[in-house]
2 protein chains.
Amino acid sequence: MITQTEENYIKAIYHLGQQGMETVSTNAIADSLNTKASSVTDMLKKLAEKNYADYIKYQGVILTKKGKKIAVGIIRKHRLWEVFLVEKLNFTWDEVHEVAEDLEHIQSEKLTDELDAFLEHPTHDPHGDPIPDKNGNFKQIEKILLSKALVGSKYQCVGVKDTSSTFLKYLDANEIALGTELKVLHKEPFDQSIKIKLNGLDTTVSQNVAKNIFLKTL
Amino acid sequence: MITQTEENYIKAIYHLGQQGMETVSTNAIADSLNTKASSVTDMLKKLAEKNYADYIKYQGVILTKKGKKIAVGIIRKHRLWEVFLVEKLNFTWDEVHEVAEDLEHIQSEKLTDELDAFLEHPTHDPHGDPIPDKNGNFKQIEKILLSKALVGSKYQCVGVKDTSSTFLKYLDANEIALGTELKVLHKEPFDQSIKIKLNGLDTTVSQNVAKNIFLKTL
DNA sequence: ATAAAAATTTAGATTAATCTAAATTTAAAT
DNA sequence: ATTTAAATTTAGATTAATCTAAATTTTTAT
Ligand SMILES: [Mn+2]
Ligand SMILES: [Mn+2]
Ligand SMILES: [Mn+2]
Ligand SMILES: [Mn+2]
């Protein structure tokens, strides 16, 4: 039996460790879950106790195979629900994350698999993130951040890092969506802002924005 | 802020009080939620404290207007999800209740209303129970239990009281479904079992079964 | 009207998740 | 190599939900 709270911690560890391969610090988890470090320590002991994670005092935590499997299952559900909300229930991409945060904890293998089939086995969620299949497999496509793109090259927008409503609404307002093509015109040395050609016209985005847009080379 | 547990208690009180009009006893709630009476007492104090219910020590509990509104909202979600699972995700009517028990607690007005629209505003769930609309309104159709039906009369099956998987599977095996027409042939005085004509042939059902099938007079 | 039975509440514990403040360990800086 | 700072853990409390066992109230039966 696994609680919703345990699931949220496991998912956070997975994401912070980039697929659960790296060791994750107590404070990083506390920040990402908006809790205090002492609460995290308590939970890490429990997760280790239940064999979802390997944890060494003061040294950080890393998911076990069992923990990774749980994480991928939750992420699969989260992303499938996001697709459902956008494709079937008229949600916009900035509205889905919060609701999916709860729906991802519903325990029913049949529900998940039938939802997957109903949506015709989508491979990516509304933010461009890949959806694990029933066996937990998915391929991360080659993508780079706009902040690391090369001046003069052409790219296609394939994902976002920040999925907050404010950021996604900013992208909407500036007509940046998944699939949008752009060319990097200039990178300002002073503040790292980037000028791009987008839908015919020139736009400048801040470094903060550039660090949250994933691109694929064209 | 309302917890999932509080919601489950409120729903139970609503159902036990037949739309929350009657006073409900501590033990009745404990039975229906599989908890102990002492736990119920604690929760009743809390529900009263939060103005979801009026509670008098030793005298029972009844929902306030605020409590009833919560209850109807949860029931609306529960039944909409049941329709979704059957209509869109290939669940059978005996599989939906358990999952809906969790889905009913997802808090998102947009989700509920869009789901309602996506399903084309269904009026009844897979067990024949009416689905409250956005304002909490619904009409209970005139229905009687098979156990109280008149010998010689014709009826149509419009609902079930027990929604357990075992009971619903029994009905499937005996080809009794919503919409099925039947005629009451005989009521056995000894054990209250009832002989009915169903799909052309004669069947006998126990009193226990008869007490869980709702009929509409034809 | 009493006594016995049933229902309900209280008292005292337990488990999960969280917090603040203090103690400890590790990392960084002189 | 010390000292200082940062990160992490421990100690001790708190809130929600639950339980068992004991006490109280209400109901039922004599
Ligand atoms: Mn979550
Ligand atoms: Mn997403
Ligand atoms: Mn429920
Ligand atoms: Mn139902």
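For the numbers below, each heavy atom of this structure counts, side chains included, while hydrogens, waters and symmetry mates do not. Labels below follow one simple rule: chain letters A, B, ... track the order of the sequence lines, proteins then strands, and each chain is numbered from 1.
- The two residues A:Lys50 and A:Met1 make their nearest non-hydrogen contact at NZ-O, 3.3 Å.
- Only one option out of A:Lys77, A:His124, A:His127 pairs with A:Glu82 in a side chain to side chain donor-acceptor pair (under 3.5 Å); it is A:His127.
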query = Given B:Arg76 and B:Asp116, is the salt bridge (charged side-chain N to carboxylate O under 4.0 Å, His left out) satisfied, shown in steps?
reply = CA-CA 9 Å; B:Arg76 167 169 158 81; B:Asp116 188 24; 3.3 Å; yes
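- Nearest to the side-chain atoms of B:Lys45 among the listed nucleotides C:dT10, D:dT18, D:dT9 stands C:dT10.
- With hydrogens and angles disregarded, a donor-acceptor distance shorter than 3.5 Å links the side chain of A:Asn212 to the backbone of A:Asn208.
- Separating the NZ atom of A:Lys50 from the P atom of C:dT15 is a distance of 13 Å, rounded to the nearest angstrom.
- Taking side-chain N and O atoms only, B:Tyr58 has no distance below 4.0 Å to OP1 or OP2 of C:dA6.
- Atom C1' of nucleotide D:dT18 and atom CE of B:Met43 are separated by 10 Å, given to the nearest angstrom.
- For the contact set between residues 4-29 of chain B and DNA chain D, defined by any heavy atom under 4.0 Å, the members are B:Thr5, B:Tyr9.
- Comparing A:Gln59 and A:Ala37 by the nucleotide of DNA chain C that holds the closest heavy atom to each, the one mapping nearer the 5' end is A:Ala37.
- Taking the centre and axis of the six-membered ring of A:Phe118, the NZ or CZ atom of A:Lys88 falls inside the cone set by 45° and 6.0 Å.
- Between D:dC19 and B:Ser39, a contact under 4.0 Å exists linking OP1 or OP2 to a side-chain N or O.
- Toward the 5' end of DNA chain C, the nearer of the two residues A:Asn34 and A:Lys57, judged by each one's closest nucleotide, is A:Asn34.
- Taking atom OH of residue B:Tyr55 and atom P of nucleotide C:dT8, one finds them 9 Å apart after rounding to whole Å.
- Checked against the 6.0 Å centroid threshold, B:Tyr14 and B:Tyr9 do not count as a close aromatic pair.
- For C:dA21, the OP1/OP2 oxygens have no side-chain nitrogen or oxygen of A:Lys36 closer than 4.0 Å.
- Not one side-chain nitrogen or oxygen of A:Thr41 sits closer than 4.0 Å to the OP1 or OP2 atom of D:dT8.
- Remark: the B:Ser38 side chain and the D:dT20 base include a donor-acceptor N/O pair separated by less than 3.5 Å.
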